[in-house]
Amino acid sequence: MNNDKFSKPVLGPPKTAKELLDIYFLDMRSALLETAAAMDRIQRAESGNEIMEDPRMQQLNDSLEILKSRKEGRAEAFLRLLSDPIGE
């Protein structure tokens, strides 16, 4: 009887910070570039300068401060910033 399907998966050693950066760098760079380009398109559109005062644009601008932070927990801070408050 073959018990392979019931055996535990073998996990490799955890990745180093450099390995993780090598894996994620291009995706991260692409997401930031896409966001910058979208913000440029919005601002160049008709009434673009006025829309920059929209609370959603302010949230996106505030998220840049989170991104620049060296504190852990950036993802949670993003979610808190960009989520609708419940029961507050």
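In this structure, Ile66 is a member of the same hydrophobic cluster as Leu82, with clusters built from ILVMFWY side-chain heavy atoms closer than 4.5 Å. One hydrophobic cluster, built from ILVMFWY side chains closer than 4.5 Å, cannot hold both Met28 and Phe78; they sit in different ones. A single hydrophobic cluster is seen to contain both Leu81 and Leu67, as judged by linkage of ILVMFWY side chains at heavy-atom distances under 4.5 Å, directly or through other members.
The distance from atom CD1 of Ile51 to atom CE of Met39, rounded to the nearest 0.5 Å, is 11.5 Å. Interatomic distance, CG of Leu21 versus NZ of Lys15, reported as 13.5 Å (0.5 Å rounding). Leu20 contributes atom CG, which lies 14.5 Å from atom CZ of Phe25 (distance to the nearest 0.5 angstrom).
With sequence neighbours left out, the salt bridge (charged side-chain N to carboxylate O under 4.0 Å, His left out) criterion links Asp54 to Arg56.
Checking side-chain atoms of Glu76 against main-chain N and O of Gly73 turns up no donor-acceptor pair under 3.5 Å.
Minimum heavy-atom separation, Met57 to Ile42: SD-CD1, 4.5 Å. Of all non-hydrogen atoms in Ser69 and Lys71, the two that sit nearest each other are OG-N, 2.9 Å.
The shortest distance between side-chain heavy atoms of Thr16 and Glu19 falls below 4.5 Å.
Around the CD atom of Glu72, the shell of radius 6.0 Å holds no more than 12 heavy atoms that belong to other residues, nucleotides or ligands. Enclosure of atom CZ in Arg80 is not indicated, since only 12 or fewer non-hydrogen atoms of other residues, nucleotides or ligands lie within 6.0 angstrom.
Among residues at least two apart or in separate chains, side chain to side chain donor-acceptor pair (under 3.5 Å) pairs with a member in residues 22-47 are Lys18-Asp22, Gln43-Asn49.
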